[in-house]
Every structure is written in C-alpha cells, then in structure tokens.
Amino acid sequence: MPPHPALAHTPAPAANRPAWKAALANAVSDVTELTRLLALPATDSEALARACEGFPLRVPRGFVDRMRKGDPTDPLLRQVLPDIAELVQSADYSLDPLDEATATALPGLLHKYESRALITLTSSCAVHCRYCFRRHFEYSEHRIGTEQWQAIIRYIEQDRSINEIILSGGDPLNMPDSALAPRVRDLAKIEHVKRLRIHTRQPVVLPERIDANLIDWLGETPLDTVVVIHTNHANELDASVAKALGALRATGATLLNQSVLLAGVNDNAEALIALSERLFDCGVLPYYLHMPDAVQGTAHFDVSDTVAHSLIASMQARLPGYLVPKLAREVPGETSKRVLQG
Ligand SMILES: *Cc1c(COP(=O)(O)O)cnc(C)c1O
Ligand code: SF4
C-alpha cells in the first residue's frame, strides 16, 4: 500500500539517530545567522569568510543560547566568532607549535610523555574554538581505520609502561557510541592499561551527547575513567551542562576541567574565580589553565606571563587550593607540560 499522502514527506523515523546527532547537524555555521540570533550589528562577512577558510564557524545552538544578546564582547561569543585578526601573520607563531609531527608514534597515536599515550580518534568537534591549536592540524593523516586501530593496539600491548590511554581529537565524543564502545573494550583487554581518560568539550557545548547509550558503556568499562572537560567561562555551565556532568559523575568517573587563558574571555580574576566555583558546583575540579600555544592566527588571544602569574596569585588568595588550576604551558621536547604556577 502506498504511504498516506500526508506521511509521504515525513523523514524516516530517527530510530537509530540519537538526538545529539540532530543537534550537531543543526549547529550554527553562518556568521550572518549568528549575529542575527544575538541581535548584533552586521559584520563584514566577506573578510570573516576569509578568516573562516579551512576552519569555518561552528557552534551548537544550545551554546549560543548561553550568550548575552546584543553584547559583541560576550565571552562565549568571542571563543567561536571568527575575527579578521586571525589573518594576521605573527613572527614566532607556527602551524605546529607543539611539534606534534615529531611526537607521533603511529598515525593517530601521540606518545610524548611516559605512562600516557594519546589517541586522536577523530578530527571533528561540535564547536570550532577560534584559539584552537589544532586548527592547522593535518587531520587527514590521523584518521583511524581498522588497520590503524589494530596497529595502535599492538603498540600499546608492547609497551608495558603505558598505564593510561587518553582519547582525544578533535573531540572523541563526536564519534558514535557504536564506534567508541568496542574501542574502549579493546583497550580494557590490555592488562597494563588501568585508566581511560577522555578529553572532551562535548558535555559543555553539546550536553545532549551525554545520553543513556554513552552512560551505558562508560559505566560498564572496568577501566578507571577520568573525563577532562574544557570550559573557559562560568557562563558556559548552565543547568543542561550541570545535568550532563551529574550523569557522568554517577558512572564513577573523576571529572576535571582544563581551560585556556584567553584575552577578552577569562583574563580577569573575577571570571576565573567564578569558573572554579561553578565547576565545583557541577562536581568538577579545575586541572590546568593553559597558556595559549603560539599557533598562527591566534595572537589576539594572548595573555602575558606577568598577567597570568598575577591572576593565579589572586585565585590563590581567594580560593581553597583545590580550586586553583595549575598554570601550564606546553614546551616541545619536555617530559611533561611545564607547570608555571599553582
Ligand atoms: C597533555 C598531553 C598528555 C597529558 O598530560 P597530563 O599532564 O597527564 O595531563 C599526554 N599526552 C600528550 C601528547 C599530551 O599533549
Ligand atoms: S573542542 Fe577542543 S579540539 Fe575542538 S576546536 Fe575546541 S579547543 Fe579545538
């Protein structure tokens, strides 16, 4: 029987398409639309389109909802809105400031520090952060197929000094659970691997991602899990994010946050203190506050070392020690991230 005419154009039932996939597909990718949603004056969209080249605007609508209307200096907006300052070429800034090309043990596997290996599972993210050091990353060389995955597993099996695996990206939670769960099972079979760490911005920018399927496999893994989220400002952490973080915590995972110190976003003591307080409310402890990496196109986010040190000192004077993040910088060739203070 042909379908009822009224139903003929109804999309196929989204039985196997989780809600977060729809939210991801529906992210804002047009500068003009973003400025309209936020009641901001129109911008020179042609110049911005050039700034966007290769790294277009992308921001989920739920994150846009947390921005202040009519405020071009909103700290969340500044993280995602392309800026013509991105076109400025700065001396001493490079495309691969962390020299990751050298630390790549295998395609998709970075083994820089003892005991921990980092897998760049996917190149994609739900949000495009303008300051991101991976904006020039050669992701095409880091896409992991079955063969590469098997090579990674063999590498980890053969190095008994590795006891922690970090899933990173891009954002590893941009991958479907049907791909993640079996990979985590493979890792859990390796005897000397004790901990699974997930570096993700998804609980913050796309809290829909923390759904029952994800909680199922995360709750079931025998590995001790640490979820390191990425937030830079307290306004990012609304009730929907708090709920997602609560669900993650209920699996027994330890929750930590890393931030980047960014001019015009969080380079003042009040913002950093409010962020630490809000993180604690959500069951998350601050971990690192990163100095921005010297990556081409991001100089306008820079904060000087002097200012960074005084910000940490203000936090130390007003917060318990466990709410003060470690100020850190990544220096190629060192045996760990360099902790500057905190
Ligand atoms: C940052 C990083 C880690 C983790 O370092 P921690 O100090 O343990 O958080 C591991 N591997 C690589 C390649 C990294 O960049
Ligand atoms: S979520 Fe992380 S990896 Fe993705 S663009 Fe933002 S900072 Fe970069």
Side-chain angles (χ1 to χ4, degrees), residues 16 18 20-21 100 103-126 139 142-204 206-230 244-258 283-285 287-288 336-337:
N16 43 22
W20 67 266
K21 281 266 185 192
E100 291 199 327
T104 300
L106 283 174
L109 185 77
L110 287 169
H111 189 194
K112 239 195 243 189
Y113 305 140
E114 192 165 331
S115 81
R116 293 145 289 170
L118 183 150
I119 302 174
T120 50
L121 267 189
T122 169
S123 62
S124 61
C125 296
Y139 279 120
H142 293 262
R143 210 155 286 147
I144 298 184
T146 308
E147 239 169 74
Q148 280 173 16
W149 178 253
Q150 281 160 1
I152 287 172
I153 291 292
R154 275 195 304 276
Y155 180 98
I156 300 167
E157 278 171 347
Q158 283 159 17
D159 187 339
R160 300 191 57 85
S161 73
I162 299 172
N163 63 17
E164 175 168 337
I165 300 298
I166 303 173
L167 300 184
S168 186
D171 197 312
L173 296 190
N174 233 29
M175 289 182 58
D177 294 314
S178 57
L180 282 167
R183 290 193 165 170
V184 168
R185 276 197 295 273
D186 288 348
L187 293 168
K189 281 185 210 140
I190 305 174
E191 208 195 327
H192 51 274
V193 172
K194 302 292 176 214
R195 280 191 302 277
L196 173 72
R197 195 194 315 182
I198 302 174
H199 280 182
T200 176
R201 191 145 160 67
Q202 223 82 329
V204 177
L206 197 77
E208 298 92 328
R209 178 65 187 93
I210 312 306
D211 63 7
N213 282 331
L214 179 136
I215 294 299
D216 274 353
W217 64 257
L218 198 61
E220 275 166 16
T221 180
L223 298 168
D224 285 326
T225 53
V226 182
V227 178
V228 183
I229 63 166
H230 168 187
L245 294 170
L248 287 172
R249 219 152 82 99
T251 67
T254 297
L255 304 188
L256 303 173
N257 178 61
Q258 42 189 349
V284 184
L285 288 176
Y287 180 35
Y288 281 132
S336 71
K337 293 195 172 38

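When a residue number appears, it is its place in the shown sequence, counting from 1.
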Student: Apply side chain to side chain donor-acceptor pair (under 3.5 Å) to Arg116 and list each qualifying residue two or more places apart in sequence or on a separate chain.
Tutor: none
Student: Please check if the side chain of Thr221 supplies one atom and the backbone of Leu218 the other of a donor-acceptor pair under 3.5 Å.
Tutor: no
Student: Can you list the steps and then say if Leu245 with Ile229 is a side-chain contact (heavy atoms from CB on, under 4.5 Å)?
Tutor: CA-CA 9 Å; Leu245 294 170; Ile229 63 166; 4.0 Å; yes
Student: Please examine the side chains of Thr200 and Val227, heavy atoms only from C-beta on, and report whether any two atoms are closer than 4.5 Å.
Tutor: yes
Student: I need the minimum non-hydrogen distance between Pro203 and Ala244, along with the two atoms involved.
Tutor: O-CB, 4.3 Å
Student: Roughly how far apart are Asp171 CG and Thr122 OG1, rounded to 0.5 Å?
Tutor: 8.5 Å
Student: Rounded to the nearest 0.5 Å, what separates atom NE2 in His199 from atom OH in Tyr287?
Tutor: 6.5 Å
Student: What's the separation between atom CG in Leu206 and atom CZ in Arg201, rounded to the nearest 0.5 Å?
Tutor: 12.0 Å
Student: Rounded to the nearest 0.5 Å, how far apart are OG1 of Thr120 and CD1 of Ile144?
Tutor: 5.5 Å
Student: For the pair Asn257 and Leu285, evaluate side-chain contact (heavy atoms from CB on, under 4.5 Å) and give the outcome as yes or no after the intermediate values.
Tutor: CA-CA 6 Å; Asn257 178 61; Leu285 288 176; over 6 Å; no
Student: So, applying side-chain contact (heavy atoms from CB on, under 4.5 Å) with Arg197, which one of Val228, Thr225, Leu223, Asp224 is it?
Tutor: Val228
Student: Using 0.5 Å steps for rounding, measure from the CD atom of Glu208 to the CG atom of Leu214.
Tutor: 13.0 Å
Student: For Ile119 and Trp149, run side-chain contact (heavy atoms from CB on, under 4.5 Å): C-alpha distance rounded to whole Å, both residues' side-chain angles, the deciding distance at 0.1 Å, then the answer.
Tutor: CA-CA 10 Å; Ile119 302 174; Trp149 178 253; 3.9 Å; yes
Student: Going through the checks in order, is the side-chain contact (heavy atoms from CB on, under 4.5 Å) test met by Ile198 and Val226?
Tutor: CA-CA 6 Å; Ile198 302 174; Val226 182; over 6 Å; no
Student: From the options Leu118, Leu106, Ile162, select the one residue that forms a side-chain contact (heavy atoms from CB on, under 4.5 Å) with His111.
Tutor: Ile162
Student: Ile210 and Ala247: which non-hydrogen atoms are nearest, and at how many Å?
Tutor: CG2-CB, 4.2 Å
Student: If we only count heavy atoms from C-beta on, is the Ile166 to Leu196 side-chain gap below 4.5 Å?
Tutor: no
Student: Within this structure, what is the CD-NE2 distance for the pair Gln158 and His192, rounded to the nearest 0.5 Å?
Tutor: 9.5 Å
Student: What are the two closest non-hydrogen atoms of Pro172 and Leu167, and how far apart are they?
Tutor: CG-O, 3.4 Å
Student: Distance-only check: which donor-acceptor pairs under 3.5 Å involve side-chain atoms of residues 173-185, not counting sequence neighbours?
Tutor:
| from | atom 1 | to | atom 2 | distance (Å) |
| --- | --- | --- | --- | --- |
| Asn174 | OD1 | Gln202 | NE2 | 2.7 |
| Asn174 | ND2 | Ser124 | OG | 2.9 |
| Asp177 | OD1 | Arg209 | NH1 | 3.4 |
| Asp177 | OD1 | Arg209 | NH2 | 2.8 |
| Asp177 | OD1 | Trp217 | NE1 | 2.8 |
| Asp177 | OD2 | Arg209 | NH1 | 3.3 |

Student: Would you say that more than 12 heavy atoms from the other residues, nucleotides or ligands in this model lie under 6.0 Å from the CD of Glu114, or not?
Tutor: no
